[in-house]
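See below for the structure under consideration.
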Amino acid sequence: MDTPHAGSNLTGLRDHNTALVLSLLRAAPQGSSRVELAAGTGLTPQAIGKIVARLLAAALVEEDGRGASTGGKPRTLLRLRPAAGFAVGVELDRHRTTVLLVDLCGGIRHRATAPTGLADAPPRQTVELIAALVREVAATAPAGADLLGVGVGCRGPLDHAHGVLHRPAGLASWDRFPLREALAEQLAPWPVRLDKDTNTAALACAGPGHTAYLHFGDGLGAALLLHGALHRGARTNAGEFGHQVVQLDGPPCSCGSRGCLEALCLAAVATGDHRAAARLLAVGAANLVQLLDVDRVLLGGPVVFAHPELYPAEIADGLAARLPDREWQQVPVSLTPAGPAAVALGAAELALGPLFGRRG
């Protein structure tokens, strides 16, 4: 099968107003009329007509059925064509790599995994493995399809701006390794974007308001969506949630400190006491909620999904018990709606996002 193009047909469509229209259509799988698009964007009907004409010519959208009549002629509905473009999303964990082919609507079209990750081979060898998996998955796209790029979600600490890892715990060979640059060399001409795995998982469930996403696997991290946008911090490394000290002179942590929440949670899991781990997580979640006053807490990661009922229930109870005014500050806790594939699915959003007006 032919390898997908590098997004060439879509490049000229990435202006602000077009992105607004595409974003509204992506959020309306049932379809949207030109009148609704004009109301949703604030653009004139004439401007919407020109944008829609370009999108139809590029086969990015299609006319599909008619909406309910409001007294006049039923309006023609427009829908985004999922197969008009694709992105590849990669989850690079300590001992596993997962690669997804994702369409414009966020649907997973193909998946490949390898039992090799950051801790199993030297960086250059790992990069070659990732590139091979990406090419394998990209080749499953329809012949001639546009591939908008490759997104990678990787454990931190990580400099998102420069695509470089910084002293990841227990992974000395990856310190200062230019992962994004190395992958881009292997995968040219496809653009490559890199972010922390917690951030990409949060992108997979981005919505309005303020969300804290907590990820528990072989480490413990968080991501913050403030007003629906990722908060990366001054050095793009916000979210090292697991390394808040909750027990002075506690057990040593892989980061070099003592008494970190991550060390305590992992110790509880090692003994099989997931209830204790969840209760510890609730302490950290309460600290986060009281600091930032978020609307909701979402949970993900392999440990959480291995016990999908216990963790949300225990954390919700523990969080509610620690908030000073439970009626005024109600903060729901639930699993991420993106499911176990959240990291790789959100990594694909790094590549898809610019088409729909998301920056950074």
Same cluster (ILVMFWY, side-chain, under 4.5 Å), [X] and [Y]:
X: Leu281; Y: Leu310; result: yes
X: Val245; Y: Leu264; result: no
X: Leu158; Y: Val150; result: yes
X: Leu226; Y: Leu298; result: no
X: Leu355; Y: Leu80; result: yes

Would a 4.5 Å heavy-atom cut-off, applied to side chains only, mark [X] and [Y] as touching?
X: Leu214; Y: Tyr311; value: no
X: Pro115; Y: Arg96; value: no
X: Leu224; Y: Leu230; value: no
X: Trp190; Y: Leu183; value: no
X: Leu203; Y: Leu350; value: yes
X: Phe86; Y: Leu104; value: no
X: Arg54; Y: Thr18; value: yes
X: Val164; Y: Leu194; value: no

message: Would you say that more than 12 heavy atoms from the other residues, nucleotides or ligands in this model lie under 6.0 Å from the CD of Glu309, or not?
response: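 No, CD of Glu309 has 12 or fewer neighbouring heavy atoms, counting only those of other groups under 6.0 Å.
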task: Determine whether more than 12 heavy atoms belonging to other residues, nucleotides or ligands lie under 6.0 Å from atom NE2 of His162.
output: no
message: Restricting to side chain to side chain contact (heavy atoms under 4.5 Å, CB included), what partner residues turn up for Ala316, sequence neighbours left out?
response: Val333
Residues [X], [Y]: salt bridge by 4.0 Å N-O rule:
X: Arg279; Y: Glu314; value: yes
X: Arg34; Y: Glu63; value: yes
X: Asp218; Y: Arg94; value: yes

Under the 3.5 angstrom rule, does the side chain of [X] hit a backbone N or O of [Y] as a donor-acceptor pair?
X: Thr198; Y: Ala223; value: no
X: Thr41; Y: Leu37; value: yes
X: Glu262; Y: Leu220; value: yes

field: Identified side-chain contact (heavy atoms from CB on, under 4.5 Å) counterpart of Val90 within the set Val192, Val137, Val152
entry: Val152
Quick check: closest heavy atoms across [X] and [Y], and the distance to 0.1 Å?
X: Thr200; Y: Ala347; result: CB-N, 3.5 Å
X: Phe216; Y: Cys265; result: CZ-CB, 3.7 Å
X: Leu319; Y: Ala286; result: CD1-CA, 3.4 Å
X: Ala263; Y: Pro252; result: CB-O, 3.8 Å
X: Phe241; Y: Gly284; result: CE1-O, 3.4 Å
X: Leu335; Y: Pro312; result: CD2-CG, 3.7 Å

Could you measure the distance from the [atom1] atom of [X] to the [atom2] atom of [Y]? Nearest 0.5 Å is fine.
X: Trp174; Y: Leu179; atom1: CH2; atom2: CG; result: 5.5 Å
X: Gln30; Y: Asp64; atom1: CD; atom2: CG; result: 11.5 Å
X: Arg232; Y: Asp159; atom1: CZ; atom2: CG; result: 11.0 Å
X: Cys260; Y: Leu266; atom1: SG; atom2: CG; result: 10.5 Å
X: Cys154; Y: Leu165; atom1: SG; atom2: CG; result: 4.5 Å
X: Arg111; Y: Leu100; atom1: CZ; atom2: CG; result: 5.5 Å

task: Check the pair Thr336, Phe305 against side-chain contact (heavy atoms from CB on, under 4.5 Å), reporting the backbone distance first and the verdict last.
output: CA-CA 10 Å; Thr336 168; Phe305 278 107; 3.8 Å; yes
- prompt: Is the closest side-chain donor-acceptor distance between Asp175 and His166 under 3.5 Å?
  reply: no
message: Please list all pairs meeting salt bridge (charged side-chain N to carboxylate O under 4.0 Å, His left out) that have one or both residues in residues 341-355, counting only residues at least two apart or in different chains.
response: Arg26-Glu349, Glu349-Arg358
query: Restricting to pairs with a member in residues 233-261, which pass salt bridge (charged side-chain N to carboxylate O under 4.0 Å, His left out), not counting sequence neighbours?
result: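 Listed once each, the pairs are Lys196-Glu240.
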For a quick test of your reading: what N or O donor-acceptor pairs under 3.5 Å do the side chains of residues 288-295 make, sequence neighbours left out?
unit_1 : atom_1 : unit_2 : atom_2 : d
Gln290 : NE2    : Arg322 : O      : 3.4
Asp293 : OD1    : Gln329 : NE2    : 3.2
Asp295 : OD2    : His210 : N      : 2.6

side-chain contact (heavy atoms from CB on, under 4.5 Å) evaluation trace for Asp93 with Arg155: CA-CA 7 Å; Asp93 209 339; Arg155 65 182 299 127; 4.1 Å; yes
task: Begin from the C-alpha positions of Leu261 and Leu280 and carry the test side-chain contact (heavy atoms from CB on, under 4.5 Å) through to its verdict.
output: CA-CA 7 Å; Leu261 182 61; Leu280 285 162; 4.1 Å; yes
field: Ring center gap for Tyr213 and His215 short of 6.0 angstrom
entry: yes
- request: Using ring-ring contact (aromatic ring centres under 6.0 Å, His included) as the criterion, list what pairs up with His307, not counting sequence neighbours.
  value: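 Scan of His307 (ring-ring contact (aromatic ring centres under 6.0 Å, His included), adjacent residues dropped) gives His274.
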- prompt: Does the pair Asp103 and Arg109 meet the rule for a salt bridge (charged side-chain N to carboxylate O under 4.0 Å, His left out), with working shown?
  reply: CA-CA 7 Å; Asp103 64 34; Arg109 297 300 187 98; 2.8 Å; yes
query: So Val99 and Thr97, side-chain contact (heavy atoms from CB on, under 4.5 Å) or not? Walk me through it.
result: CA-CA 7 Å; Val99 183; Thr97 301; 4.2 Å; yes
- request: Can you tell me which residue pairs pass the side chain to side chain donor-acceptor pair (under 3.5 Å) test with a partner in residues 122-135, sequence neighbours excluded?
  value: none
